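Below: one structure, written as structure tokens.
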Amino acid sequence: MEDLKQKLKVQIIEALNLQDTKPEDIDDNAPLFGEGLGLDSIDSLELMVLLERHYHIKVEDPREGRKILQSVQSMAEFIQSKQPA
Amino acid sequence: MAERVLITGLGMVTAIGDNVAGNLKSLRMQQSGIGFTQHIDTIYKDSLPVAEVRHSTATLQEMAGVAGKDGYTRTTLLGLIAMREALADAGIADASEEPTGFINASTVGGMCDTEKVYFDVINPEKEGNFLQYIDTLDCADCTQRIADTVGISEYIATISTACSSSANALMFGARLIRAGLVRRVICGGTEALTRFTLNGFNSLKNIDKQHCRPFDQHRNGLNLGEGAAYLVLESESLARQRHATVKAELKGYANTNEAFHPTAPSPEGDGAFAAMQQALAMGGVAPEDVQYVNVHGTATLSNDLAEGHALQRLFGNKVPPFSSTKPFTGHALAAAGGIEAIYAVLAIQHALIFPNLHFSEKMEELYITPETQLKEGVPVSNVISNSFGFGGNNASLLISKYEG
Amino acid sequence: MSAISPQHSFGENVFSQPLMTVSENVFACVEPDYRAYMPPNSIRRMTRILKVGLTAALQCMQDAGITVPGAIVTGTGKGSLSDTERFLKEIREYKETALNATPFIQSTYNAVNGLIALQQKCTQYNNTFVHRGFSFENALLDAMLLIAEGNKDILVGAFEEITAEHFYIKSRIGFWKKEKIASNELYQHPTPGTISGEGAAFFLLSDTPGEVQLSGLKMVYKPKESYLQKFLASHELNLEDIDLVISGRNGDSNFDHYYDGLPNELPFKHLCGEYDTSGAFALWLGAQILKAQQVPANWFPMLTVPAGPYKNILIYNHFFGEQHVYMLLTLNTGYLK
């Protein structure tokens, strides 16, 4: 799980081109949107693409997406729940 | 005193008809044009519905009067068909006899054809016939080919403001006439379905896998469409001088910006509200004198919410009958404003209000619902036609019965 | 006004900047530091031409002391080519699945307009023209109409980029010279094709007369004969009244004949290359010259520069023989700065 979260942070920074942000700047539980990283709805689309490209998980409903993309923690939990044990 | 701007000719082709009469017939019969594509090469051909013009490119070439001639993209052909009808409808045999402007609208130019050959074009090892499509990608290509074919050479422009493009074309044309720069301008837009646009809207998660349901609680996105529509605008003095049949008057218009988000409107519909309000003010028409609003109504979550709020703010508890005709034609992007402006004219001419297909449940955030039945024999004097787009671009037109 | 171009046109002391040249037949903009203009969070998604366009627009408004313009009108022939190319490629690479929406959004021609409106919270009129060599000029016409209709402080501009891929595409249909030339020797190479370029320029049109007045604008589509005399006559001028003709001459032997016989000619394409909205650069240059009453000395070493003073400047430019544009700039001597 820790590895996954670390990997996710790197992938988020790359996908969203967060030039001034380092993985250690992102708190596992900090909100990605609004406050925290200050991401917006276009970023949320890009994060869904990240999930699809790197983890082969398709999020169809944008409303569902919002819940999954709350934080790095919630993303990691969602990825784990979708992967075969 | 600026001249009044009159509408003296109409021409169109959409998924529900090859001409204005065909469109009117389908609207009356409540026949939607939405189905699956036969012309785009896409993995979504059986899953994402579109409103496609059901003719092959060869047939379109014939209809456009350029059979056997190469280099005309589908965008151009659709436009040329609509242009020829508009000219004929206005009784203009030779467009070059009066200095005439052509203000066209396009979102992706000839992408429909260039996307098929693009990777050959950028591959130095490939040679062939495709090279003639190299310069058709940009939006000016369709405009100039249409203008050249029918002999228009005065004011030539192409506007691209996403989904509000052709409403802005009509507005710009009207302003050229009012400024006295030209007496006749043909305005509208043309749009062909492309894999590019389909994937674009799909990447925004904005496309419904079912037929779109504007203003419905369970709406889940739009269906794309294609087509072209042009309106002949003339100064009142020119129309009188040549005894043209006046179909309606373009009495007001406004263009505003949301300045809110690259692809979404403000939830309260600030820009939509301002656009409708300003268009009415310009035409000197009070909200209670509007009999019909042809809404933008794409059936995306955010558009219908914003537009609905704007309607409620503007009209209070007396919101006039309104409907989105996109369940008939799909969202034809750059052509949408032109298509719907013609529908507004048809509503006035034939005393009709068109139904908003596929509506079943009121949106929980709103107290208004769209018109679901075809209404006939209702006097319609003033129609608002809305077109809103990416980049926060809003345009509203006020089309009115001409009383000379 | 402001201009980001292949020359050092954006900063201070434009008139003492050295001439920038290229030898590969394609110019690229000298890019400013964008971070001075917008927060990092909004820059990160933007491709190059969006940054160039937005920055030029913001600088123009700063220059004019205006935060929220009365309207935003732009012209661009190609919009963000990089984004269009990227989206086409991703559709292919990812087989239409898992696509990022950003290049699609940014490929829309009005994306820059939307960004300017968003950043400056401008809710007024907003329009984008996309018509090759008439893109900027239609925007300018729209802006002039807006002023005539009683609006104030209209932001009008143009932006264009060239990419390696698009340069190659257009080379396949003869847009560029086959032989590589030094850009400062452009006018000594009357062969088919020209050199490619890019840039952005923005202007604030005011309803009150300033030093530099845009007195005339005419677009002529595929003319059968020269419109020059008619244009001048419509402004009650003769050729002798024109102190400087900024011409679009670009060394293309297919189309340069249109510029033949112009008096007091000062061509500009060796500075920025050929592109759909190069007319915006010409207007910027003309206005600079009129204000300073001198021509940037370092930029025209290969030419004999027509002597001042300059009162009437004519700009005549065309795009590959199809869209011809005449603009008249006049020095308003009656008004002090």
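Given the structure is predicted, the values throughout are model-derived calculations rather than measurements. The chains referred to below are lettered A, B, ... by the order of the sequence lines, with proteins before strands, and numbering in each begins at 1.
Residues of residues 100-112 of chain C lying under 4.5 angstrom from chain A, judged on non-hydrogen atoms, are Asn100(C), Ala101(C), Thr102(C), Ile105(C) by number. Residues of residues 18-32 of chain A that come within less than 4.5 angstrom of chain C, heavy atom to heavy atom, are Leu18(A), Gln19(A), Asp20(A) in numerical order. Of residues 42-62 of chain C, those residues with a non-hydrogen atom less than 4.5 Å from any non-hydrogen atom of chain A are, in numerical order, Arg44(C), Arg45(C).
Heavy-atom contacts from other residues, nucleotides or ligands closer than 6.0 Å to NZ of Lys7(A) number 12 or fewer.
For the options Leu16(A), Leu45(A), Leu51(A), Val49(A), heavy-atom pairs under 4.5 Å to chain C are most numerous at Val49(A).
Qualifying salt bridge (charged side-chain N to carboxylate O under 4.0 Å, His left out) partners for Glu165(C), counting only residues two or more places apart in sequence or in other chains: Lys89(C).
If you measure heavy-atom distances from Leu50(A) to chain C, you find no contacts under 4.5 Å at all.
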